[in-house]
Every structure is written in C-alpha cells, then in structure tokens.
Protein chains: 2
Amino acid sequence: MDEEAPQKGTVTQRAIEEIKAMIAGGRLEPGQRLPTERDLAVQLGISRSSMREAIRALTVLGVLEARHGSGIYVTALEAGDLLETFGVVADLSRGPRLVELLEVRRILESTATALAAARITADRLAEVEKHLTAMNATDDPEEILAHDLAFHREIAGAAGNETMAAILEGLSSRTFRARVWRGYQEEGAFARTRREHAAIHRALVARDPEAARAAAAAHVGEVEEWLRARLRPD
Amino acid sequence: MDEEAPQKGTVTQRAIEEIKAMIAGGRLEPGQRLPTERDLAVQLGISRSSMREAIRALTVLGVLEARHGSGIYVTALEAGDLLETFGVVADLSRGPRLVELLEVRRILESTATALAAARITADRLAEVEKHLTAMNATDDPEEILAHDLAFHREIAGAAGNETMAAILEGLSSRTFRARVWRGYQEEGAFARTRREHAAIHRALVARDPEAARAAAAAHVGEVEEWLRARLRPD
DNA sequence: GCCAGCCAAGTGGTCCGACCACTACAGGTC
DNA sequence: GACCTGTAGTGGTCGGACCACTTGGCTGGC
C-alpha cells in the first residue's frame, strides 16, 4: 500500500476530501489558519491552480474563508456558516419542489414556534413585537417582507436550536420568499397574514406551545395550499 | 449605468452569481449543456482559470456537472442533487451541534414516517421488511448500518416528499451515522434498536400514522438523549 | 519614549499559454 | 450493416507571471 492515493477522480476532488478529512479529524480547528495555497499545493503534490479550485469549492460550502492578503482560515463551522448554501436550493427550485420546501418549512417552523413559546425571553419577545408592529404599520411590500422575515427569524432563534434556525433561514431566503409571496399577497392576503401573525404572537405571549404550533402550521400551510392550487391547473 | 458590473467581490464570485442567475431566469434549463469553459470565460470577460473555479464551485453545490471530454451540463436540479452537500454539514459537526442535528432529524423523520404509514405501497413495504429482516439476521456492524440506512431511506421515500427525503439522507450520511452509532451500539443498544424498528414496522403495516410518528420519534429520540447525556459530563 | 506614517515581504486573486486525458463522431474498413 | 480508427473538441492539469491587498516592522518626527 503506497502512501500516495491511487488517483480517485480528479486531483481537485481529492484535495477537497483531504482538507475535509483534516478538519473532521481534528488536525484543523475552527478559526485556524491554513498553510498558503502554494504550500498546500506542494504538500498534496498538485498544482496551485487545482488547489485553488479545491479551496474555492470549500469556500462556497462555508467550510473555509479566504482573506485576500492574509490567508485561508477555517470558518467557525457553525450552523449558519455551513447551511448558507441551503438558500441556493430554495432559489433554484421551481414548481412542485416549491411546495415540498414549504411542507418542510411548515413542519420545522411549527415545531420551532412551539419550542419558542416555551423558551422565549422577555427581551426577545419584545423584539418580535417590534417587527409585528412595524409590519402592520407600512404598506411598502419590501418593508413588510423584511419585517416578516425578521419576525420569524427571532422566533426561530428563540427555539434554542441554531441548526434548525439556519435551515429555516435558508428556506426563507429573500429571493425565495419574494417569488412566492408576490403572487400570494397580490390576491389580498395581507389581512389574513396579519391575523395569522397576531395569532402566533398571542400564543407566544400566552406561552402556549400547542397553540403556537397550530398557528405557525396554519400560517405556512395557507401559503402552501395556495401554491399547490396555483400549480394544479398547469 | 454601464453594462459591465462594477466589480463586486471577486470575478469568480460574480461568475457564480451570473450562472446561477441564468438558471434561475430560465435561460439555462435542467440537463442543458453549457458553452465551453473557454467560451464562457470570454462571454463574462474573465480568464479560463477564474471561470473554472466558478464551475467547480457550482459543481460541488450539485448545480452543474462536468463530463470530461464532453462538456458542462446543468444537473436535473432535483432535491437529491442540490442537497447532497447537506452531508458535509453532518460530517463536520461536533459536540452540541450533533444533538441539534438529531433533533431536526427526529422532527422530520417522525413526520415522514407518519406520512409513509398513510401512503406506503405494498411493494415498498415489502422492501422495508426485507431490510428489517436482513438487519436482524447479521452481527456485522457494517451490514447492520447499511440496512438500517436503507430501512429509513425506503420509509422516507414513501412519504412522497423528495426534498424531505434528501434532507434526511444528508442527516443520516454514512460517516455521521457511523460516528454516533458506534458508541451507542457499544452500550448494548442492539436489542432496543431492534424493538424500535419493529415498532415502526408494525405501525406501517397497521397504516397508523400517529403510532408511526410516535415510534419514529422515540427511535431517534433515544439516540438523541444518549448523546445529550454523553456530552453533559464533558 | 511614543506614535503616526511608510515600506517591504507575504498572501490570495487573476491571467496566460501549454499540454494531457477523455469523449464523441465522422469516415473508412471489413 | 457492424465494427474499428483517426481526429477534432472538450474538460483536467500544470507552471509561471503579475496584480491587489494585508500585515507587521521600521523609520522618522514629535
């Protein structure tokens, strides 16, 4: 058995696996700086070009971070870093898959809201109220969307599971929401949305997890059903 | 306002966004072949090296697929393609985040199993039974793990939501399961695991969604609690 | 002695040109 | 007609050059 790996796939792919293994194996800690591109290339016996492709790939995955002029670093490897790419899925999905994404969001969001009802702090609840008020005080769709996102983001954060919050963040990415919400709100769903948000807020104030779960599920489910119906005729 | 983008970030990053926009905008359809690396580089006014990095990045994200000697193609853009990177998250997570991942899995898996109880076909149910039997017939941990994965994969597939199944697949990636399962099974949890699998199977046969949900939640929850307790002393 | 500013070494970012490995297809051969 | 073969075109790899930026030490003035 030779020390050299027996050429599986492209050299770049091998380099990617190699660096991933270094991190998984603890040889590289979060936040730590890596050797230079040039040194890494020599270590793995490949060209700098190929090494750069590997680094770029791990960068978009949120595993590494390249700082121009400074060096390459391992990210904190927190949920937010690694799940940032989840937004890409939402942005590139169309048709039936959008419904599936909303179904996943309904399941996670309802659970997260239920957990939040039991755990949310007074400070955080005040933050939620702030966005709820701001959302109802304007007619600018852009602003409404922003506060809507923040409203759910605060709640997801209060659930105490960063991974879940990061996934929900990806499932609610700005472009994704904008695409679906546009049509939904055009049908005069503003009033309904406000009622649903108010119901979620009431459940949080009452610290009633089951009511919160039901309100959140209904909220997302409304959009889900609307989208499902909209795709049916096609 | 000039036609040329005013240099946001690296040229490679710009190229990535450009290609993503082409796909999101419908100018590139799933399965379609892209121009050659050389042509694309000219189109965006960047070097082939930078274009290659962009392509590589989109390749690891499951958006593009490069076939040596043939060309670059847009993938089918199905849930499995885009969520393959989800496994990386599971593989690089440690400590408290592993518990969070299991919590997400518990929520999704219990729902998926409940849906499966209502929707699973006879053929698929037979497949589930096959893996259940095979799992109980051997003592080889590797083989048990493989059938365990297949058991849950079949069930997730029967739930009728490919996106959910793809996420669960990522949350159960081989290396992730191997790391957690190892310690769990070493404590003589084989018998308990078998009982839990049997309970899930019974619920599927009885087409009882609520029983299935409870059995699946308990199954994952057991591991979750074990891991939680294991991390506490540290 | 201290601090602001400068400067040089080192790093990632970009580009170029060459060659290799592989695929696909046209054309010839049997 | 089926099979083989050559070839053009593609992605894969390499090496080197230069640019843009960060960093930290050094210099100079206060």
Side-chain angles (χ1 to χ4, degrees), chain A residues 2 4-20 22-23 28-76 81, chain B residues 2 4-20 22-23 28-76 81:
Chain A
D2 208 338
E4 317 232 346
Q7 285 270 33
K8 1 160 145 179
T10 69
V11 295
T12 302
Q13 196 60 38
R14 199 187 61 192
I16 293 175
E17 300 300 332
E18 205 87 25
I19 295 178
K20 267 175 30 182
M22 285 189 198
I23 296 175
L28 284 177
E29 293 291 330
Q32 185 176 338
R33 182 183 153 170
L34 278 70
T36 69
E37 293 179 344
R38 294 163 175 88
D39 289 347
L40 277 173
V42 172
Q43 280 184 33
L44 298 187
I46 65 179
S47 73
R48 192 187 161 203
S49 314
S50 300
M51 178 55 70
R52 272 191 61 78
E53 287 185 25
I55 293 170
R56 171 72 63 176
L58 289 169
T59 296
V60 301
L61 288 180
V63 176
L64 299 182
E65 180 190 354
R67 301 182 201 158
H68 192 171
S70 173
I72 306 165
Y73 302 78
V74 181
T75 67
D81 301 321
Chain B
D2 208 339
E4 317 231 345
Q7 285 270 36
K8 2 161 148 180
T10 69
V11 296
T12 302
Q13 196 61 38
R14 199 187 60 192
I16 292 175
E17 300 300 332
E18 205 87 26
I19 296 178
K20 265 175 32 182
M22 285 189 198
I23 297 174
L28 285 177
E29 292 292 329
Q32 185 176 338
R33 181 183 154 170
L34 278 70
T36 69
E37 293 179 345
R38 293 162 174 90
D39 289 347
L40 278 172
V42 172
Q43 281 184 32
L44 298 186
I46 65 178
S47 72
R48 192 188 162 202
S49 314
S50 300
M51 179 54 70
R52 273 190 60 78
E53 287 186 25
I55 294 170
R56 171 72 62 176
L58 289 169
T59 297
V60 302
L61 287 180
V63 176
L64 299 182
E65 180 190 355
R67 300 182 203 159
H68 192 171
S70 172
I72 306 165
Y73 301 79
V74 182
T75 67
D81 300 322

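Every chain is numbered from 1 and lettered A, B, ... according to where its sequence line falls, protein lines coming before strand lines.
- In this view, A:S50 and A:S47 satisfy the side-chain hydrogen bond (donor to acceptor under 3.5 Å, both in side chains) rule, not counting sequence neighbours.
- In this structure, B:V74 and B:E29 have side chains that are not in contact, with every pair of non-hydrogen atoms separated by 4.5 Å or more.
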In 5'-to-3' order, the base (B), backbone-only (S) or no-contact (-) status of each nucleotide in nucleotides 7-16 of chain D, using a 4.0 angstrom heavy-atom cut-off, is --BBBBBBB-

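- When the local axes at the two ends of the helix from C:dG1-D:dC30 to C:dC30-D:dG1 are compared, using 5 base pairs at each end, they differ in direction by 10° after rounding to 10°.
- By the 4.0 Å N-to-carboxylate-O rule, A:K20 lies close enough to A:E17 to be salt-bridged with it.
- For residues 34-46 of chain B, the set of pairs meeting the side chain to side chain donor-acceptor pair (under 3.5 Å) definition, not counting sequence neighbours, comprises B:T36-B:D39, B:E37-B:R48, B:E37-B:R52.
- Residue pairs meeting the salt bridge (charged side-chain N to carboxylate O under 4.0 Å, His left out) criterion with at least one member in residues 58-72 of chain B, sequence neighbours excluded, are B:E65-B:R67.
- Here C:dT11 presents its P atom at 15 Å from CE of A:M51, a figure rounded to the nearest Å.
- Contact of the B:R56 side chain with the A:T10 side chain is registered, since non-hydrogen atoms from C-beta on lie closer than 4.5 Å.
- Among residues two or more places apart in sequence or in another chain, the side-chain contact (heavy atoms from CB on, under 4.5 Å) test is passed with B:A15 by B:L44, B:I46, B:M51, B:A54.
- The shortest side-chain heavy-atom distance between A:L61 and B:L61 falls under the 4.5 Å cut-off.
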